[in-house]
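Both ligands and their constituent atoms are indexed starting at 1 by order of listing. Here the structure is a predicted model, which means the values were calculated and not measured.
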Amino acid sequence: MKSCLICKSPIEPFINFGNMPLGNGFLLPEQFGDEYHFPMRVGFCAACGMVQLLDQPDRERMFHENYAFFSGTSRYMAHHFRAFADQVITSRLPGKDPFVVEMGSNDGIMLQNFAASGIRHLGIEPSKNVAQVAIEKGITTITDFFDADVARRIVAEHGQADAFLAANVMCHIPYLHSIVEGIGILLKPTGVAMFEDPYLGDVIEKTSYDQIYDEHTFLFSVASISYLFEQYGMEVIDVQPQTTHGGSMRYVIAHKGALPVLPHVAAQKKKEQDIGLHLPETYSRFRRNCESSREHLMALLRDLKSRGKRVVGYGATSKSTTIINYCGITPDLVEFISDTTPIKQGKFSPGAHIPVRPYEEFVQNYPDFALLFAWNHVHEIMEKEESFRVGGGKWIVYVPQVAILD
Ligand code: SAH
Ligand code: TMP
Ligand code: ZN
């Protein structure tokens, strides 16, 4: 039996997705032969509340010099991170010469706002190609995996930080104890850590099981995050729900007793109890919902194929790897996936090997149906793709339910 990565209690899977490739493992035909797979099973720890993968691929397999995810591909996310940075700048950097550290700073989408305001900052980003983009923008970045040792080195070199930021990366990290210890070392006595990740409550309520893939080791809740940080003398002082990535939660953390705890922390914990996030049966129900979502999506795609309709995927997201391979979507059902990221174009999707083509091919020859794999960017995409819809094109979505949009 596996043990919980957070509290070491024994833990069993509530869903088994089978052998999965890496979510961002877009590849060329000559690599098909030795494509890497890992057993993707998810468990819920009833002792500490953490939902987690039971097996993780080595981190160097996922985060490296050819990492395929560039944060800057979404205009909406750039705007989101500007607002995040503004919140930090106006309310969390009281003293002179403040210092901000970001873990998983990627191409600098967040830190560029601090750099533009002349604020002392440091990005820690192990994937060399994306880190290089940030460095070229003038953002101070070190190419490394953050952990407690790196935190000690940063303090020795730059002093403690006023703010430690992280977006869509805390949940990636199986060795989370070392990260949380590092945050405790790094933060000034009244400093704050602010991080956001896809929220367990949204995943359960929307059956958005595509948030589960190799990079997402954990799905956090306020309850599980509180448990974890309390072990290191810190506490959650605020929680702020976000609409990004299909429903995320921003957690604000401080050293215990250093700053006031806002009332919505308790309110959100109560809400988690109300929707049953602490109960094993919630996760059995979630599994049944995933199975039924899969049946509906496959029935729809098979029906469209039998009627001779063309279906193209929109957005070669890492999340889509779970949908495609769990449902069994093959290139005869989805002709290709359109994506704007050059590093993905000309490659094939992990596992099912559906071709990934430049966005222009979608525009030049609209399909009958577009399967919205990038559903978390739905507003930005609907606005941009008005002419597809006006020309009679239809969108297929699968969150919160499988449906054809009118
Ligand atoms: N913050 C960005 C990027 C999220 S993708 C955004 O929200 O858009 C996750 C990033 O975290 C990747 O760029 C990956 O290389 C990086 N990462 C993974 N493990 C890390 C670690 N231990 N320390 C710092 N960065 C890490
Ligand atoms: P994400 O869901 O992990 O943010 O990844 C989004 C992917 O979708 C990324 O590969 C870029 C692609 N994309 C498009 O192709 N067109 C778009 O309009 C948007 C917003 C994203
Ligand atoms: Zn646990």
Side-chain angles (χ1 to χ4, degrees), residues 3-11 23-24 26 43-52 59-60 62-65 67-78 80-81 84 101-111 123-131 134 141-147 150 165-176 178-179 182 195-198 210-211 213 215-217 224 227-228 244-246 248 313-320 337-345 356-359 362 372-385:
S3 53
C4 171
L5 288 166
I6 302 303
C7 78
K8 307 276 180 276
S9 302
I11 182 169
N24 269 312
F26 297 91
F44 161 68
C45 176
C48 73
M50 193 63 89
V51 170
Q52 56 200 278
R59 64 187 189 181
E60 286 78 9
M62 301 185 275
F63 307 117
H64 43 62
E65 68 284 2
Y67 186 59
F69 177 72
F70 286 74
S71 303
T73 49
S74 164
R75 268 192 302 121
Y76 179 81
M77 290 308 291
H80 171 79
F81 287 122
F84 190 159
V101 174
E102 187 189 4
M103 169 172 82
S105 44
N106 201 277
D107 56 13
I109 191 166
M110 168 108 81
L111 285 183
I124 300 128
E125 174 48 66
S127 298
K128 286 207 177 88
N129 57 338
V130 293
T141 308
I142 54 174
T143 313
D144 212 338
F145 288 96
F146 181 80
D147 61 12
V150 172
L165 310 177
N168 308 303
V169 55
M170 283 291 277
C171 73
H172 289 46
I173 302 183
Y175 46 99
L176 207 45
S178 180
I179 303 294
F195 64 91
E196 61 189 35
D197 290 279
D210 55 348
Q211 290 294 1
Y213 58 95
E215 293 179 22
H216 288 181
T217 302
S224 61
Y227 174 91
L228 173 62
T244 45
H245 292 305
S248 295
Y314 194 101
T317 57
S318 36
K319 292 186 289 297
S320 68
I337 307 172
S338 152
D339 198 284
T340 52
T341 319
I343 196 174
K344 296 182 186 176
Q345 296 163 355
V356 180
R357 302 257 173 80
Y359 169 63
F362 171 77
L372 185 57
F373 288 130
W375 60 269
N376 49 316
H377 301 289
V378 61
H379 298 299
E380 179 172 350
I381 292 171
M382 292 300 134
E383 228 177 84
K384 200 163 86 179
E385 301 303 345

Should you measure from each heavy atom of [X], which atoms of ligand 1 turn up under 4.0 Å away?
| X | value |
| --- | --- |
| Y175 | 22 (N) |
| P126 | 15 (O), 16 (C), 17 (N), 20 (C), 24 (C), 25 (N), 26 (C) |
| A167 | 1 (N), 2 (C), 4 (C), 6 (C), 7 (O) |
| F145 | 19 (N), 20 (C), 21 (C), 22 (N), 23 (N) |
| F146 | 21 (C), 22 (N), 23 (N), 24 (C) |
| H172 | 9 (C) |
| I124 | 24 (C), 25 (N) |
| I173 | 21 (C), 22 (N) |

Please classify the Y314 to ligand 2 contact at 4.0 Å (heavy-atom distances, strictly less than): side chain, backbone, both or neither.
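It is the side chain that touches ligand 2; the backbone stays farther off.
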Taking non-hydrogen atoms only, is D339 closer than 4.0 angstrom to ligand 2 via side chain, backbone, both or neither?
both
Once you measure the plane-to-plane angle for F84 and H80, does it fall in the parallel (<30°), tilted (30-60°) or perpendicular (>60°) bin?
perpendicular
Between M77 and H245, is the side chain to side chain contact (heavy atoms under 4.5 Å, CB included) condition met? List the steps.
CA-CA 9 Å; M77 290 308 291; H245 292 305; 3.7 Å; yes
Atom pair [atom1] ([X]) and [atom2] ([Y]), whose distance is rounded to the nearest 0.5 Å:
| X | Y | atom1 | atom2 | result |
| --- | --- | --- | --- | --- |
| K128 | T143 | NZ | OG1 | 6.5 Å |
| S248 | F195 | OG | CZ | 12.0 Å |
| M170 | L165 | CE | CG | 11.5 Å |
| K319 | N376 | NZ | CG | 3.5 Å |
| H64 | S127 | NE2 | OG | 7.0 Å |
| I179 | M103 | CD1 | CE | 5.0 Å |

Should you measure from each heavy atom of [X], which atoms of ligand 2 turn up under 4.0 Å away?
| X | answer |
| --- | --- |
| T341 | 9 (C), 10 (O), 11 (C) |
| H245 | 4 (O) |
| I381 | 18 (O) |
| G315 | 8 (O) |

What I want to know is whether T340 and ligand 2 share at least one N or O pair that is separated by under 3.5 angstrom.
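For ligand 2, there is an N or O atom that lies under 3.5 Å from one belonging to T340.
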Before signing off on this row, confirm whether S74 and ligand 2 have an N or O atom pair separated by under 3.5 Å.
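There is no such contact.
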E383 atom CD, over 12 foreign heavy atoms within 6.0 Å:
no
N or O pair under 3.5 Å between [X] and ligand 1:
| X | value |
| --- | --- |
| I109 | no |
| N168 | yes |
| G104 | yes |
| S71 | yes |

Which heavy atom of the protein is the closest neighbour of [atom], given with residue, atom name and distance?
| atom | result |
| --- | --- |
| atom 5 (O) of ligand 2 | T317 CG2, 3.7 Å |
| atom 11 (O) of ligand 1 | V169 CG2, 3.2 Å |
| atom 13 (O) of ligand 1 | E125 OE1, 2.7 Å |
| atom 3 (O) of ligand 2 | F69 CE1, 3.4 Å |

For S74 and E380, test the side chains for any donor-to-acceptor distance below 3.5 angstrom and give the result as yes or no.
yes
Please work out, at 4.0 Å between heavy atoms, whether the side chain, the backbone, both, or neither of D147 comes within that distance of ligand 1.
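Under 4.0 Å from ligand 1, D147 contributes no heavy atoms.
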So what does the C45 SG - the Zn ion (ligand 3) - C4 SG angle come to, to 10°?
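Result: 110°, to 10°.
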Please work out the angle at the Zn ion (ligand 3) defined by atom SG of C7 on one side and atom SG of C48 on the other, rounded to 10°.
120°
Out of K384, K344, H377, K319, who is nearest to atom 17 (C) of ligand 2 when you count heavy atoms only?
K384
